Engineer: 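This is the structure I want to talk about, given as structure tokens.
Everything numeric in this text was worked out from a predicted model, so none of it was measured.
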Amino acid sequence: MTLRLIKCLDIKVIGENEKPGHQCGILAIFSEQTANIPEKLFYGLFTLQHRGQESAGIAYRKGDTIVTYKDLGMVSTVLVRYLYQERPSNLGIGHVRYSTHGGNRLENAQPISVSCNKGEIALAHNGNISNTSLLKEELFSEGAIFQSTSDSELILHLISRSHQNNFRDALIETLLRIQGAFAMVMIHNNDLLAMRDPYGFRPLYLGKKDGLTVFASETCALDILQIPEYRTVNPGELITVNERGLGTEIFAENKKTSQCVFELIYFSKPDSQVFNQTVHIMRKKMGAALANSEDCSGDIVVPLPDSGNSAALGYAEASGIPFELGLTRNHYSGRSFILPSKAERELAVRIKLLPVKETIRGKRIILIDDSLVRGTTSRIIVKLLREAGAKEIHLRLSSPEIKYPCFFGIDIPTKEELISNRMTPAEIAEYIGADSVRFLSIEKLKSSLPDFENYCFACFNGDYPFKPLDQDYRSRINQ
Ligand code: SF4
């Protein structure tokens with residue numbers, strides 16, 4: 001195994017699918033005055049990079065056409081060309097992608113742009129359409145040709161093939177036919193549109209300032225564009241922005257708001273607001289709830305950086321045990337590698353996480369992470385801490401045990417692969433070599449949320465807001 005090999009392979013450093021997979025980030029900008037929209041999209045997408053690192057792209061209006069540019073890779077590589085030259089426009093959309101549906105292939109990158117009988121359309125989607133197979137079967141039988149394996153292309157087919165006379169009616173008909181999670185932005189001719197599914201699984205914010213209207217998955221993208229005031233796009237809401245102003249309508253009644261609690265636990269950036277909560281504050285509350293669930297005993301609270309940082313601060317504050325930097329993270333080792341063998345995976349973790357031996361040696365460590373999927377990486381981290389001289393290691397997770405797959409835009413392995421379906425916390429501790437393992441209970445998680453009834457907890461308790469229509473999803477639930 002050589003470093004050269006690590007560099008050229010595509011690996012996930014923290015073990016393959018060791019965390020629930022991120023989904024995607026979307027952004028849309030409308031400007032009353034002509035502006036350098038692609039440059040603004042670059043900066044906004046750059047702050048949303050944590051939501052997807054596989055591909056990046058933008059689509060913007062240039063005169064009579066929509067220009068689309070996308071590629072596999074990070075925003076700073078794919079879209080850097082938009083920093084060098086003024087490109088006047090008045091509207092555009094952007095996307096960063098993690099593939100929950102379809103593979104990591106260029107044809108699955110977004111935005112997807114088409115010209116059809118309803119006009120010119122560009123689409124960027126965050127979420128997962130859970131009746132894709134059924135709808136695709138129907139479209140195939142009618143002769144449809146798909147260019148990608150992503151579920152988002154389906155939406156454009158349905159709009160184009162709709163018998164409704166105009167785009168708006170065709171869009172609403174389509175939104176009522178698709179089932180699942182979607183926060184979406186679109187360009188249609190000279191209009192910018194944003195919409196969120198009736199359950200509100202994925203976040204989407206609307207901000208306005210000085211003639212600029214911006215939609216973004218998280219408020220960090222609005223912050224970088226210096227837009228201080230915003231509101232959420234409501235579940236089931238469709239917003240249209242054009243030179244006549246902003247129009248809003250409810251295309252479907254809100255059934256049961258089911259915001260993805262994992263956005264707060266792990267996916268979103270700590271400085272962002274998501275579902276009207278500041279992510280860092282919510283994570284601290286989860287960490288405090290974890291500490292308040294037990295008689296804490298340890299010498300130091302150590303976060304697994306960066307995902308465990310906020311919860312560890314909360315745990316330390318609530319328990320009175322000092323917060324300490326026991327592990328540092330190498331931010332330059334890249335985010336996306338795939339190493340095939342066990343030894344190579346271990347090397348990847350060692351490259352990414354480095355122990356601060358002085359703070360660890362002889363200590364009873366309370367190690368805080370946000371979630372546990374397969375447990376393979378935790379095993380390596382525990383080994384690393386033992387080698388650095390830790391006396392005891394107690395792993396604490398600021399989320400409940402993940403036991404069920406997700407059909408709403410998050411990549412969670414099958415039930416058999418989830419360690420909490422096979423082992424009790426005590427068995428997990430033995431498997432990973434820790435002295436103890438504990439999870440935040442679902443009840444405690446709910447108590448740390450101000451409006452828990454508006455959240456989805458299905459990957460913890462199997463209580464899905466609705467059962468997916470597609471047979472393959474249904475069989476995954478019943479496995
Ligand atoms: S099942 Fe889990 S990951 Fe999926 S939407 Fe619900 S809370 Fe989020």
Engineer: Is atom CD of E453 surrounded by more than 12 heavy atoms (other residues, nucleotides or ligands) closer than 6.0 Å?
Structural biologist: yes

Engineer: With sequence neighbours left out, which residue pairs that include part of residues 190-200 fulfil the side-chain hydrogen bond (donor to acceptor under 3.5 Å, both in side chains) condition?
Structural biologist: R61-N190, D191-N242

Engineer: Would you indicate whether the side-chain heavy atoms of I410 and F267 approach each other to under 4.5 Å?
Structural biologist: yes

Engineer: Does any non-hydrogen side-chain atom of E249 lie less than 4.5 Å from one of I172?
Structural biologist: yes

Engineer: Please report the C-alpha distance between H331 and D306 in whole Å, then the side-chain angles of each, then the deciding distance to 0.1 Å, and finally whether the side chain to side chain contact (heavy atoms under 4.5 Å, CB included) criterion is met.
Structural biologist: CA-CA 10 Å; H331 289 268; D306 296 321; 3.0 Å; yes

Engineer: Side-chain contact test, heavy atoms from C-beta onward, threshold under 4.5 Å: evaluate it for V279 versus K269 and give yes or no.
Structural biologist: no

Engineer: Do the charged groups of R161 and E142 touch, with an N to O distance under 4.0 Å?
Structural biologist: yes

Engineer: With rounding to the nearest 0.5 angstrom, report the CG to CD1 distance, L175 to I155.
Structural biologist: 8.0 Å

Engineer: Evaluate the side chain to side chain contact (heavy atoms under 4.5 Å, CB included) criterion for residues D223 and T47: first the C-alpha distance (whole Å), next the side-chain angles of each, then the deciding distance (0.1 Å), finally the verdict.
Structural biologist: CA-CA 9 Å; D223 291 337; T47 66; over 6 Å; no

Engineer: Quick check: do P305 and L353 have side-chain heavy atoms less than 4.5 Å from each other?
Structural biologist: yes

Engineer: Taking all atoms of both residues into account, what is the closest heavy-atom pair of F275 and G200, and its distance?
Structural biologist: CE2-O, 3.9 Å

Engineer: Restricting to non-hydrogen atoms, name the atom on S448 and the atom on M282 that form the minimum distance, rounded to 0.1 Å.
Structural biologist: O-CE, 3.0 Å

Engineer: With rounding to the nearest 0.5 angstrom, report the CG to CE distance, L171 to M195.
Structural biologist: 5.0 Å

Engineer: Within this structure, what is the OG-OH distance for the pair S55 and Y98, rounded to the nearest 0.5 Å?
Structural biologist: 12.5 Å

Engineer: Partners of H188 by side chain to side chain contact (heavy atoms under 4.5 Å, CB included), sequence neighbours excluded?
Structural biologist: I121, F167, L193

Engineer: Of all the heavy-atom pairs spanning P198 and E253, show the shortest one and how long it is.
Structural biologist: CB-O, 3.7 Å

Engineer: Between L135, D151, T132, which is the residue that forms a side chain to side chain contact (heavy atoms under 4.5 Å, CB included) with I178?
Structural biologist: L135

Engineer: Under a 3.5 Å distance rule, please check whether N189 uses its side chain to pair with a backbone N or O of E120 as donor and acceptor.
Structural biologist: yes

Engineer: Can you check whether S399 reaches L445 side chain to side chain, under 4.5 Å on heavy atoms?
Structural biologist: no

Engineer: Measure the spacing between CG of L139 and CG of L154 and express it to the nearest 0.5 Å.
Structural biologist: 6.0 Å

Engineer: Could E263 and R51 be called an ion pair, given the rule that one side-chain N must be under 4.0 Å from one carboxylate O?
Structural biologist: yes

Engineer: Can you give me the closest heavy-atom contact between T278 and P270, atom names plus distance?
Structural biologist: CG2-O, 4.0 Å

Engineer: Could you point out which residue of L91, I37, I93 forms a side chain to side chain contact (heavy atoms under 4.5 Å, CB included) with F30?
Structural biologist: L91

Engineer: Main chain of T149, side chain of N108: is a donor-acceptor contact present, judged purely on distance under 3.5 Å?
Structural biologist: yes

Engineer: Residues in side-chain hydrogen bond (donor to acceptor under 3.5 Å, both in side chains) with H125, at least two apart?
Structural biologist: S152

Engineer: Which residues pass the side-chain hydrogen bond (donor to acceptor under 3.5 Å, both in side chains) test with S148, not counting sequence neighbours?
Structural biologist: E153

Engineer: Counting only heavy atoms from other residues, nucleotides and ligands, does the tally under 6.0 Å from CD of E86 exceed 12?
Structural biologist: yes

Engineer: Assess the residue pair R177 and E173 against the criterion (salt bridge (charged side-chain N to carboxylate O under 4.0 Å, His left out)); give the C-alpha distance rounded to whole Å, side-chain angles, the decisive distance to 0.1 Å, and a yes or no.
Structural biologist: CA-CA 6 Å; R177 289 196 72 194; E173 182 186 272; 5.6 Å; no

Engineer: Look at the side chain of N36 and the backbone N and O of P88, then say whether any donor-acceptor pair between them is shorter than 3.5 Å.
Structural biologist: no

Engineer: Is a side-chain donor or acceptor of N421 paired with a backbone partner of K415 at a separation under 3.5 angstrom?
Structural biologist: yes

Engineer: Please say whether the positively charged group of R202, taken as NZ for Lys or CZ for Arg, lies over the ring of F408, i.e. under 6.0 angstrom from the six-membered ring centre and within 45 degrees of the axis.
Structural biologist: no

Engineer: Within the distance-only criterion (no hydrogens, no angle test), does the side chain of R97 pair as donor or acceptor with the backbone N or O of P111 below 3.5 angstrom?
Structural biologist: no

Engineer: Run the side chain to side chain contact (heavy atoms under 4.5 Å, CB included) test against T257 and tell me which residues pass, sequence neighbours left out.
Structural biologist: P235, N254, Q259, N454

Engineer: List for me each residue that meets side chain to side chain contact (heavy atoms under 4.5 Å, CB included) alongside L83, sequence neighbours excluded, and say none if there are none.
Structural biologist: E39, F42, Y43, V80

Engineer: With rounding to the nearest 0.5 angstrom, report the OG1 to CZ distance, T174 to F251.
Structural biologist: 11.0 Å

Engineer: Counting neighbours of CG on N117 that are heavy atoms of other residues, nucleotides or ligands and sit closer than 6.0 Å, is the number greater than 12?
Structural biologist: yes

Engineer: Under 3.5 Å, which donor-acceptor pairs link side chains of residues 207-215 to any protein atom two or more places apart or in another chain?
Structural biologist:
residue : atom : partner : partner atom : Å
K209    : NZ   : Q226    : O            : 3.2

Engineer: Output yes when a side-chain donor or acceptor of S258 lies under 3.5 Å from a complementary backbone atom of K256, and no otherwise.
Structural biologist: yes

Engineer: Kindly state each residue pair satisfying ring pair (Phe, Tyr, Trp, His ring centres under 6.0 Å) with at least one member in residues 129-156, sequence neighbours excluded.
Structural biologist: F140-F146, F146-H157

Engineer: Around Y431, counting heavy atoms of other residues, nucleotides and ligands shown, do more than 12 lie under 6.0 Å from its OH?
Structural biologist: yes

Engineer: What are the two closest non-hydrogen atoms of I402 and S371, and how far apart are they?
Structural biologist: CD1-CB, 4.1 Å

Engineer: Would you say that K285 contacts L264 through its side chain, given a criterion of any heavy-atom pair below 4.5 Å between the two side chains?
Structural biologist: no

Engineer: With a 4.5 Å heavy-atom cut-off, do Y82 and L41 have their side chains touching?
Structural biologist: no

Engineer: By side-chain hydrogen bond (donor to acceptor under 3.5 Å, both in side chains), which residues pair with R231, not counting sequence neighbours?
Structural biologist: E237

Engineer: Can you measure from CD1 (I224) to CG (D271) and round to the nearest 0.5 angstrom?
Structural biologist: 9.5 Å

Engineer: Would you call the rings of F407 and Y464 parallel, tilted or perpendicular if under 30° counts as parallel and over 60° as perpendicular?
Structural biologist: tilted

Engineer: Do F262 and F460 make the cut of ring centroids closer than 6.0 angstrom?
Structural biologist: yes

Engineer: Using the test side-chain hydrogen bond (donor to acceptor under 3.5 Å, both in side chains), find all partners of E401 that sit at least two apart in sequence or belong to another chain.
Structural biologist: none

Engineer: Please collect all side-chain hydrogen bond (donor to acceptor under 3.5 Å, both in side chains) contacts where either partner lies in residues 62-74, sequence neighbours excluded, each pair once.
Structural biologist: T68-S113, Y69-R81

Engineer: Taking only residues two or more places apart in sequence, or in another chain, which ones meet N166 in a side chain to side chain contact (heavy atoms under 4.5 Å, CB included)?
Structural biologist: R168, D169

Engineer: Are L372 and I432 side-chain neighbours, meaning at least one heavy-atom pair lies under 4.5 Å?
Structural biologist: no

Engineer: Counting N and O atoms only, with roles assigned by atom type, does the side chain of R422 sit under 3.5 Å from a partner on the main chain of E416, one being a donor and the other an acceptor?
Structural biologist: yes

Engineer: Search all heavy atoms of S217 against all heavy atoms of Y205 and return the closest pair with its distance.
Structural biologist: O-CD1, 4.2 Å

